[in-house]
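The structure appears right after this line, and notes come after that.
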Amino acid sequence: MTSPFYNKVYSALRKVPRGKLTTYRNLAHSIKSKAYRAVGTAMNKNPYSFADGGDVPCHRVVNSNGKVGKFASGTENKINLLKREGIPIKDGKIERFEEFLYKF
DNA sequence: CCCTTGACCAAAC
DNA sequence: GGTTTGGCCAAGG
């Protein structure tokens with residue numbers, strides 16, 4: 001199992017639909033926390049990876065400055081997943097990324 | 001309990 | 001524009 005904090009992060013992230021994005025900062029804020037850095041740690045553990053049949057879309061979480069950020073199974077892989085969902089990415093950055101942000 | 005480690009962030013340079 | 005710096009918070013050793 002995971003800690004209560006991680007579970008809150010995962011359940012919040014589950015609400016982000018295909019083709020939308022959230023940021024580590026927003027995600028933390030949505031669970032009334034400022035631990036955006038710890039959110040990143042939660043993603044890195046990632047017990048319910050999307051590729052592994054889980055329902056937690058970890059690849060839809062990007063940096064608040066519009067850059068894609070990192071990914072446990074490779075940044076390139078994350079970029080491909082996002083593009084596949086219709087999100088335009090140029091040189092590691094989301095284009096017009098505010099248009100794709102999910103509003104909690 | 002102290003110390004280290006990060007899929008981070010904002011400000012400063 | 002980029003890079004560095006200090007701060008942030010939860011987890012694990």
Side-chain angles (χ1 to χ4, degrees):
Chain A
M1 265 309 279
T2 60
S3 75
F5 175 77
Y6 286 174
N7 282 324
K8 283 199 287 186
V9 174
Y10 301 137
S11 63
L13 183 52
R14 252 182 284 245
K15 296 189 290 189
V16 179
R18 195 195 142 91
K20 289 281 187 173
L21 296 171
T22 190
T23 67
Y24 296 94
R25 191 160 174 275
N26 275 223
L27 191 51
H29 191 256
S30 78
I31 61 174
K32 299 166 192 57
S33 169
K34 286 160 197 152
Y36 30 76
R37 190 156 187 186
V39 169
T41 307
M43 294 303 101
N44 194 25
K45 308 285 180 154
N46 181 20
Y48 313 109
S49 86
F50 205 62
D52 282 338
D55 56 344
V56 180
C58 312
H59 61 284
R60 298 187 189 134
V61 188
V62 300
N63 292 9
S64 46
N65 60 7
K67 291 195 45 164
V68 175
K70 300 196 183 179
F71 199 58
S73 40
T75 303
E76 291 304 313
N77 191 35
K78 180 173 182 178
I79 291 174
N80 289 330
L81 285 167
L82 289 174
K83 282 187 172 179
R84 190 177 307 171
E85 299 190 347
I87 296 180
I89 299 174
K90 172 76 170 187
D91 198 36
K93 294 192 301 303
I94 313 293
E95 297 193 339
R96 314 185 310 285
F97 102 104
E98 297 172 7
E99 295 179 12
F100 301 99
L101 283 177
Y102 174 72
K103 315 273 193 296
F104 285 99

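Protein chains get the first letters and strands the later ones, always in sequence-line order, with residue 1 at the start of each.
The separation between A/Tyr10 atom OH and C/dA10 atom P is 15 Å, rounded to whole Å. One interatomic measurement links the two molecules: NZ of A/Lys8 to P of C/dC9, which rounds to 14 Å at whole-angstrom precision. In this structure, NZ of A/Lys67 is placed 12 Å from P of C/dG1, rounded to the nearest angstrom. At whole-Å resolution of the value, NE2 in A/His29 and C1' in B/dC9 are 14 Å apart.
A cation-pi arrangement is present between A/Arg60 and A/Phe50, with the terminal nitrogen or guanidinium carbon under 6.0 Å from the aromatic centre and inside a 45° cone about the axis.
Judged purely by atom type and a 3.5 angstrom limit, A/Lys78 uses its side chain to pair as donor or acceptor with the backbone of A/Lys70. Side chain of A/Asn65 to main chain of A/Lys67: a donor-acceptor pair is present (N/O by atom type, distance under 3.5 Å, no hydrogens or angles). Panel note: side chain A/Tyr36, backbone A/Asn63; no donor-acceptor pair is recorded below 3.5 Å.
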Would you list the protein and nucleotides 4-8 of chain B atom pairs, both N or O, that sit under 3.5 Å from each other?
| unit_1 | atom_1 | unit_2 | atom_2 | d |
| --- | --- | --- | --- | --- |
| B/dG6 | N7 | A/Arg37 | NH2 | 2.8 |
| B/dA7 | N7 | A/Met43 | O | 3.3 |
| B/dA7 | N7 | A/Asn44 | N | 2.9 |
| B/dA7 | N6 | A/Met43 | O | 2.8 |
| B/dA7 | N3 | A/Tyr24 | OH | 3.0 |
| B/dA7 | N3 | A/Lys70 | O | 3.0 |
| B/dC8 | N4 | A/Arg37 | NH1 | 2.8 |
| B/dC8 | N4 | A/Arg37 | NH2 | 3.1 |

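Within 4.0 Å of A/Thr23, counting heavy atoms only, lies no atom of the nucleic acid at all.
Only one option out of A/Lys15, A/Arg18, A/Arg14 pairs with A/Asp55 in a salt bridge (Lys or Arg N to Asp or Glu O under 4.0 Å); it is A/Arg14.
Atom NZ of A/Lys103 has more than 12 neighbouring heavy atoms from other residues, nucleotides or ligands inside a 6.0 Å radius.
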